[in-house]
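Input: a single structure, listed below in structure tokens.
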Amino acid sequence: QVQFVESGGGLVQPGGSLKLSCAASGFTFSSAAMSWYRQAPGKERALVATIASASAYSYYADPVKGRFTISRDNAKNTVYLQMNSLKPEDTAVYYCNAQRPYYNPSWGQGTQVTVSS
């Protein structure tokens, strides 16, 4: 079973930093491209960042480009999202998932990130 467990969210002030972790299981993690998504209140889930299986490339959505960094540790089956210079509009529930063929249409609980003074 492909499963993901997100952690590391919390309440931070604007301009602050936070690092999210996603522990993956149930598949060959090192073969999978991994992504972070977020869903803000009243909004659809949106792709935030993607990292290739061998970290050969990374993709970032425009709103987070230059502020967020995606990374992975294949030995730990874990993908990370370092978030710097956080803004209130970054407030959302953050989820991780693999790209196909390992994509799991049943999303996990995610981790809440709240950016507020």
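Computed from heavy atoms alone, side chains included, the values below leave out hydrogens, waters and symmetry copies.
Residue Val79 comes nearest to Ile70 through the heavy atom pair CG2-CG1, 3.9 Å, listed as atom of the first residue, atom of the second, then distance. For the residue pair Ser30 and Ser53, the shortest heavy atom distance occurs at O-CB, 3.2 Å. Pairing each heavy atom of Ala52 with each of Arg72, the nearest pair is O-NH1, 2.9 Å. Across every non-hydrogen atom of Asn74 and Asn77, the tightest pair is O-OD1, 3.1 Å. The two atoms that bring Leu81 and Ala49 nearest to each other are CD1-CB, 4.4 Å, heavy atoms only. Listed here is the closest heavy atom pair of Gln99 and Ser35: NE2-OG, 2.6 Å.
Formation of a donor-acceptor pair under 3.5 Å by the Asn104 side chain with backbone atoms of Gln3 is not found in this model. In this structure, Glu6 contributes its side chain and Cys96 its backbone to a donor-acceptor pair below 3.5 Å.
Listed by chain and residue number, nothing satisfies the salt bridge (Lys or Arg N to Asp or Glu O under 4.0 Å) test with Arg45 (two or more places apart in sequence, or in another chain). Residues passing the salt bridge (Lys or Arg N to Asp or Glu O under 4.0 Å) test with Arg38 are Asp90, sequence neighbours excluded. Applying the side chain to side chain contact (heavy atoms under 4.5 Å, CB included) test to Lys43 and every residue at least two apart in sequence or in another chain returns Ala40.
A chain of hydrophobic side-chain contacts below 4.5 Å, direct or via other Ile, Leu, Val, Met, Phe, Trp or Tyr residues, connects Leu86 to Val48. Taking hydrophobic clusters as Ile, Leu, Val, Met, Phe, Trp and Tyr residues chained together by side-chain heavy-atom distances below 4.5 Å, Tyr94 shares a cluster with Tyr60.
For the residue pair Gln82/Ser71, the side-chain donor-acceptor check at 3.5 Å is not satisfied. Between Glu89 and Thr91, the side chains place no donor N or O within less than 3.5 Å of an acceptor N or O (distance only, hydrogens not considered).
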Which donor-acceptor pairs under 3.5 Å do side chains of residues 14-26 form with protein atoms, sequence neighbours excluded?
{"unit_1": "Ser17", "atom_1": "OG", "unit_2": "Asn84", "atom_2": "OD1", "d": "2.9"}

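The closest side-chain heavy-atom distance from Pro101 to Tyr103 is not below 4.5 Å.
Residue pairs meeting the ring-ring contact (aromatic ring centres under 6.0 Å, His included) criterion with at least one member in residues 15-53, sequence neighbours excluded, are Phe4-Phe27, Phe27-Tyr102, Tyr37-Trp107. Applying the ring-ring contact (aromatic ring centres under 6.0 Å, His included) rule to pairs touching residues 68-92 yields nothing, sequence neighbours excluded.
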Side chain to side chain contact (heavy atoms under 4.5 Å, CB included) between Val113 and Met83, worked out: CA-CA 10 Å; Val113 173; Met83 305 183 294; 3.8 Å; yes
Test side chain to side chain contact (heavy atoms under 4.5 Å, CB included) applied to Gln13 and Ser117, step by step: CA-CA 5 Å; Gln13 296 183 359; Ser117 299; 5.8 Å; no
Chi angles and distances behind the side chain to side chain contact (heavy atoms under 4.5 Å, CB included) call for Tyr95, Gln39: CA-CA 8 Å; Tyr95 304 88; Gln39 187 166 25; 4.2 Å; yes
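Note that OH of Tyr59 and CD1 of Ile51 are 15.0 Å apart. Values are rounded to the nearest 0.5 Å.
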